[in-house]
Amino acid sequence: MDLAEFPSNLEQVGPFGFTLNPEQRAAMQASLSQLKANYKFSRVIFWGRVSGHSRDYYIAQGFDSDLLRGKRTFVSQSLTRWAQLPEVTEAQRVRCEGLAGLYTGDLSYQYVIVEEVMPWEPPKEKKERGSDDEESEEESEDEIIGDDDEDEEDEDEEDENATYRKLPKKKTKLRRHRITEEVRLAALVNSIDDDTSVVPRGAALIDQADRVSMNSHFQGLSSKEAGNLSFYLHFRPPRVVPKKTLLEKSRLNMAIDFLDRIDEDVPAGSWSIQYDGTGTTASVRSLLWPGYIAYHCPGSRRFGAIYNGNGVRNADIGFML
Amino acid sequence: MDLAEFPSNLEQVGPFGFTLNPEQRAAMQASLSQLKANYKFSRVIFWGRVSGHSRDYYIAQGFDSDLLRGKRTFVSQSLTRWAQLPEVTEAQRVRCEGLAGLYTGDLSYQYVIVEEVMPWEPPKEKKERGSDDEESEEESEDEIIGDDDEDEEDEDEEDENATYRKLPKKKTKLRRHRITEEVRLAALVNSIDDDTSVVPRGAALIDQADRVSMNSHFQGLSSKEAGNLSFYLHFRPPRVVPKKTLLEKSRLNMAIDFLDRIDEDVPAGSWSIQYDGTGTTASVRSLLWPGYIAYHCPGSRRFGAIYNGNGVRNADIGFML
Amino acid sequence: TQTGGKDLEHLDAPAWKESLENCVKLFRTLEEVQEDRAAERAALVGDGSDEDEVEEEDIELNEGELPDLIEEAQMLEWAGTGFGQTEAYRLQLALKDLLESQPLQSVRLFGKIFGTKSDYIIAECLFKDGEGESDAEGEAEEEGDVVDEDGSDAEGSEAEDPHAVPVPKVKPPVTVPKEQREGVNKYTYFVCSHVGDEWRRLPSVTPEQIMAARGIKKYFTGDLYADVLSHPPFPGTEAHYLRAQIARIAHACTVSPRGFFVSDEDEDDPTLSKNDEFEELNAEELLDLNNWVHHEPKILLQGRTKHFAPEEEEEEEEEPEEEEDEDDEGKIPKPKPTPTPNYLLPEEEPPLLEAVGDDEPIVEETHPAWTARLCRQLTSDYACVSVVNHKWPGACAVARGAQFANIYIGYGHKWTDTAYTPAPLPEVQEEPASKHEKADPTVEAEAEFEKKDDPEEGEEEPNSDDSEDED
Amino acid sequence: TQTGGKDLEHLDAPAWKESLENCVKLFRTLEEVQEDRAAERAALVGDGSDEDEVEEEDIELNEGELPDLIEEAQMLEWAGTGFGQTEAYRLQLALKDLLESQPLQSVRLFGKIFGTKSDYIIAECLFKDGEGESDAEGEAEEEGDVVDEDGSDAEGSEAEDPHAVPVPKVKPPVTVPKEQREGVNKYTYFVCSHVGDEWRRLPSVTPEQIMAARGIKKYFTGDLYADVLSHPPFPGTEAHYLRAQIARIAHACTVSPRGFFVSDEDEDDPTLSKNDEFEELNAEELLDLNNWVHHEPKILLQGRTKHFAPEEEEEEEEEPEEEEDEDDEGKIPKPKPTPTPNYLLPEEEPPLLEAVGDDEPIVEETHPAWTARLCRQLTSDYACVSVVNHKWPGACAVARGAQFANIYIGYGHKWTDTAYTPAPLPEVQEEPASKHEKADPTVEAEAEFEKKDDPEEGEEEPNSDDSEDED
């Protein structure tokens with residue numbers, strides 16, 4: 001939901017159960033304006049809310065001039081101050097996918113993941129540690145447990161993990177990873193963005209220099225188009241389009257069809273599209289990420305999306321349709 | 001205020017003391033959408049509120065594809081149903097200008113204006129009545145009083161106007177005109193539109209065929225421009241521009257500068273321009289019609305205007321600055 | 001420019017125009033409503049005999065309790081939920097319309113359950129004494145919109161559908177009787193897709209449906225008549241599944257500040273009533289989960305709120321005083337109940353007005369089922385307090401002073417920590433011992449038989465399971 | 001592309017950035033506020049001597065009454081006025097900031113008066129007993145923002161301004177003494193242009209200023225120090241004019257449902273207090289203008305709420321108990337008051353809590369000064385009722401149940417039915433009877449005189465008025 005259109009679009013998502021109270025609206029308008037000014041973003045969007053057990057997280061994103069590349073994600077609980085979410089490494093991403101359960105609502109909460117160290121892994125991990133500077137930060141949080149040395153520094157943590165510590169007696173090496181909720185949240189936003197980020201076809205443009213921008217000529221979809229899933233695209237680096245055949249590509253307008261269509265997603269049926277009662281707004285909902293809703297008012301430039309859920313991917317979607 | 005941007009722009013005018021309650025917002029959203037659909041308007045705006053003594057009038061306008069020409073004005077008190085305001089003849093307009101005092105809040109209220117019949121007038125009036133079909137409706141509401149015949153049809157009205165009936169004894173012929181509040185309101189909207197209708201420069205375009213439309217490429221004024229009165233134009237058929245010299249015209253971009261600039265208005269100083277505290281919205285206020293406020297968010301396509309007053313032109317402006 | 005994807009049914013403009021008109025129509029004044037009602041009735045009776053009896057003065061609008069949804073919306077907004085004030089106003093008008101047209105004592109906005117094709121806006125209604133039951137049948141014939149009262153009909157139609165997936169009909173050995181106008185069927189629910197659409201009455205719910213609903217997890221489609229294709233099979237259409245989920249949500253998530261309701265200690269059958277001497281709780285008190293209580297009883301394992309203990313007879317007693325048609329299943333002779341299923345074991349009915357703090361937690365010790373939150377950070381003297389339920393994401397209650405509101409907005413599913421696994425197919429039943437079947441003789445055997453044709457090798461080969469599997 | 005027009009002063013981006021920061025700063029938590037205050041004080045005292053005394057624990061925020069502006073905004077929204085809920089929340093924080101930083105007993109949002117360059121957001125404050133007076137002087141020196149307490153200084157500076165339009169100083173013959181912490185000066189007003197800006201305290205108002213303000217109609221500029229160029233001359237700067245208009249509006253338009261306040265019948269000096277036994281009025285009752293009463297006394301002709309009758313002495317008594325400097329005008333010897341000006345004639349103080357229905361109407365019989373309106377058309381059980389004042393367009397009050405709110409949003413001018421005519425210039429004074437002046441003899445007369453030079457034609461021509469008019 002674009003900051004500039006913020007209070008208006010808030011009214012769009014009311015019927016889906018997302019509201020902000022006057023305090024939040026007032027705080028957010030001021031703090032996001034400040035964020036935009038401080039980082040000189042070309043566009044700031046309010047991304048949504050991830051509900052945690054004790055408190056909720058509010059997420060915003062700022063974009064540099066190339067909208068598909070320079071994107072930063074911010075989190076706030078008070079809506080007054082925004083903190084940038086960390087980058088997520090591939091290893092962290094995989095580990096986060098294994099985490100289940102509600103978000104706690106505390107960014108510094110640490111999840112402990114115990115993984116079996118494969119016989120071939122340790123040397124590889126050490127190599128990585130030496131070679132890859134970017135990952136060093138992350139890897140330093142992990143410790144190999146089960147070895148009978150170098151465990152002194154976190155005596156207090158050991159008690160918690162007492163159950164796991166019994167396992168190494170089997171002589172399997174286990175490694176304990178710690179993931180903060182901050183990282184888990186960052187990974188979640190990335191996952192949802194990957195799977196959703198829905199925009200109406202034509203809203204975004206790519207130029208000859210492969211720079212992506214909002215299409216200032218976009219006049220909205222027609223009523224008929226707006227009710228058709230094939231007119232909505234994933235606003236993310238495309239995966240499907242580059243694999244299309246030349247014949248297929250010849251039918252596309254490459255300035256606007258450089259993005260993947262959501263109706264080509266796998267599994268099929270993971271999107272639901274509806275009009276509101278008066279035909280003024282079409283909503284596109286993800287059934288894979290319940291709580292993700294994109295909307296568009298046909299015949300107008302107004303579109304947006306919001307996530308309002310508890311951060312759980314619907315793994316049961318196959319049974320539920 | 002554009003219907004499409006309705007709830008959002010409502011938030012823009014809150015700081016100026018104009019709000020609508022949930023009932024009105026809900027009713028208006030539905031009824032204006034219906035109005036737009038029924039009349040096939042290209043654009044519907046919420047124009048503002050004229051406060052009356054007992055009730056207020058809410059005004060909306062619908063535009064055909066040529067925005068400067070086909071315009072219709074509607075009035076509502078409940079915000080559920082909209083009635084079109086009548087066309088105002090020149091004679092009615094002049095008479096309405098003589099009316100003072102608050103609007104009553106009853107559209108059918110009749111103002112009685114007694115004018116002296118100039119010796120040369122009656123024949124002229126009769127000629128008009130015969131020749132001009134459009135005016136016949138209006139003129140039929142007027143009666144010449146003081147003649148001792150043809151007064152039978154409105155016996156009940158005579159008592160009210162007893163004071164005036166005594167005057168004819170002086171042998172001056174007086175004519176009694178009746179103006180409904182509906183006509184007065186229509187004349188008011190026309191007058192305010194003539195004097196205001198402020199849009200940022202570049203928001204409207206004229207094409208080679210002299211058709212006026214909204215500029216879909218308009219990206220908003222810069223912050224510096226938005227704080228400068230000379231970047232705001234009257235969205236009405238231009239009066240000043242056609243009189244400019246060729247030299248002056250050569251400096252204009254005739255596609256967008258076909259409208260009159262508000263800073264060239266007479267009397268000078270009848271406009272006030274301000275930024276809000278955070279520099280996100282510039283407001284242009286008419287001091288001639290207190291209650292008229294146009295606003296624009298620099299760097300965005302968002303602009304609009306609203307009238308929220310009691311329908312009184314500030315005749316005292318000369319003393320008040 | 002491009003084709004593909006599936007078109008929406010909603011897409012035709014006339015439908016919207018009508019919908020818009022319906023929406024505008026909600027804003028009619030009282031006089032206009034009465035005129036319209038009179039016209040409707042006149043049109044109806046016009047086909048009948050005595051037209052003289054219907055005069056405009058006859059039109060009386062039903063009166064009953066309807067909370068101020070705007071005020072509720074404002075409170076819910078503090079909790080970050082609800083529909084926003086404008087939508088709330090429209091909903092208020094829609095509920096008012098419902099209240100005026102049915103003999104209802106009170107109406108409340110239950111919330112919204114999302115569907116894949118359209119959503120359900122849900123109104124929770126209490127009929128006036130003696131009303132509601134008969135009306136439903138009348139309207140069912142009249143308008144054809146109301147889903148039949150009992151699930152058996154729907155099942156019947158399902159069975160008739162030649163395209164239905166044939167599912168094995170596993171009947172519970174003992175049918176637990178349905179609660180009538182009490183417990184899970186105390187309220188009647190009406191649903192519609194959009195504000196201004198006609199309200200449709202949901203059927204009442206059977207214990208069987210509640211038990212079945214617990215075992216499945218399906219997206220709602222928005223079509224009340226849609227089949228619920230699931231395993232185990234669900235006894236009813238989407239209307240019944242929806243009704244069952246609503247019951248589960250309502251009885252788990254409807255809460256109020258302690259003291260707002262009191263129970264009249266009427267020995268066996270305590271009922272709740274508003275407490276006239278309710279002392280408002282301040283924000284600090286409301287932040288304590290023990291100051292929030294359930295005012296709807298918990299649903300037991302057997303899908304009722306009052307425990308039903310079957311008598312040890314073959315034939316259970318039908319509840320005799322109800323006139324309406326009983327479930328057909330009740331009459332089907334049941335196999336002997338051995339062993340007694342869990343849901344027939346004695347189960348204690350939890351006390352009324354139990355604190356939400358005592359609910360079974362999501363994670364023991366650390367994550368209770370509910371969280372209470374202060375809804376205003378900076379000027380908290382006027383703050384609302386909300387309690388959100390984590391088991392039914394989307395359920396929330398909020399209170400300030402003497403006011404409180406409950407709402408549910410979500411997909412209608414209970415939180416599952418682990419991925420949903422459909423119940424395993426029932427174990428393949430023991431093959432009845434084959435009494436007379438013989439294995440087809442092999443060619444060799446036949447040849448041998450023909451060759452020898454003497455009785456010395458009369459023994460057959462043992463029965464082989466393999467052949468069964470290959471059928 | 002185009003030039004011309006006048007640039008805004010606000011235009012530099014750093015100013016906005018600061019303003020935005022101020023706005024964000026309002027959302028600080030209590031701890032942050034205390035830290036900031038401590039830092040501020042430390043910085044201030046840092047220049048002084050004893051730094052040790054200032055510790056963070058010392059920072060105590062003032063506590064006082066502050067209504068919930070969100071709730072008020074919601075009510076006012078029903079009446080179509082107020083600032084909207086988001087802006088109301090920002091205003092609430094700004095008022096809270098004011099309340100915490102000054103020894104105030106209560107703060108209320110008075111409203112907003114528009115200016116041509118910037119607007120005034122106005123807070124109506126009641127200082128705690130014994131506070132306020134001395135503070136103002138202290139702060140005036142400290143911050144330089146506070147406008148001086150009495151108008152005379154401002155006038156002095158005006159007189160010093162060489163560019164000021166020379167206006168004739170017509171002094172009222174008798175100075176009516178100012179009310180101190182009562183009547184029109186019961187409340188102290190603070191103003192700022194934008195939410196988050198520093199609040200500036202307005203001076204108290206003199207009767208002379210109120211009387212002068214009635215005779216003029218000027219747009220406010222938004223600059224408190226701007227001169228008020230008017231005829232008749234206004235004794236003060238825009239700050240004083242603003243304060244005078246606020247007083248006029250406050251005392252004409254602040255109303256409440258009947259019974260909310262009661263007057264303690266303390267013979268001569270009745271004061272109002274909240275009625276603990278207030279019975280809420282329903283919407284129907286509130287629609288009766290007689291159920292709305294003024295709870296601020298009316299301002300009399302002489303610019304006070306309590307009548308001041310001058311004693312028939314040359315020298316009026318100065319109010320002796322006030323320490324602060326008195327108006328200089330009070331000491332100017334006045335010309336003999338003949339005849340007594342209207343404002344010194346006895347005038348009856350109207351009773352407290354007078355119904356607004358008794359206010360002088362706009363048009364006799366047909367248009368009372370106020371209109372009461374039901375604010376909700378369709379579901380009116382929960383409706384607010386608003387009363388709007390037509391004499392001060394922009395003034396509105398709204399009530400529901402036990403709650404009510406007042407607000408003024410406008411240009412700060414009273415409704416005039418006819419075009420404003422500035423007061424005529426004072427009549428040109430009688431030319432003193434010319435004692436010795438003679439008409440210049442005409443050429444003919446001179447010639448005649450010279451010709452005749454005899455005393456037979458000693459009569460002069462009568463003095464001619466025409467010559468006067470031509471001057």
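Chain letters run A, B, ... following the sequence lines, proteins first and then strands; every chain starts at 1.
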Contacts of B/Tyr111 meeting side-chain hydrogen bond (donor to acceptor under 3.5 Å, both in side chains) (sequence neighbours excluded), chain-then-number -> B/Glu181, B/Arg184
query = Under the 3.5 angstrom rule, does the side chain of B/Thr180 hit a backbone N or O of B/Gln110 as a donor-acceptor pair?
reply = no
Whatever's closer than 4.5 Å to a heavy atom in chain C on B/Asn21 counts as neither
| field | B/Tyr307-B/Phe46 aromatic ring centre distance below 6.0 Å | value | no
Those residues of residues 77-86 of chain B that come under 4.5 Å of chain C on a heavy-atom basis, listed by number, are B/Thr80, B/Arg81
- Kindly say whether the aromatic ring centers of C/Phe220 and C/Phe114 come within a distance under 6.0 Å. no
C/Asn22 meets the side-chain hydrogen bond (donor to acceptor under 3.5 Å, both in side chains) criterion, sequence neighbours left out, with none
Residues passing the side chain to side chain contact (heavy atoms under 4.5 Å, CB included) test with B/Ala26, sequence neighbours excluded, are C/Phe27, C/Thr86, C/Tyr89, C/Arg90
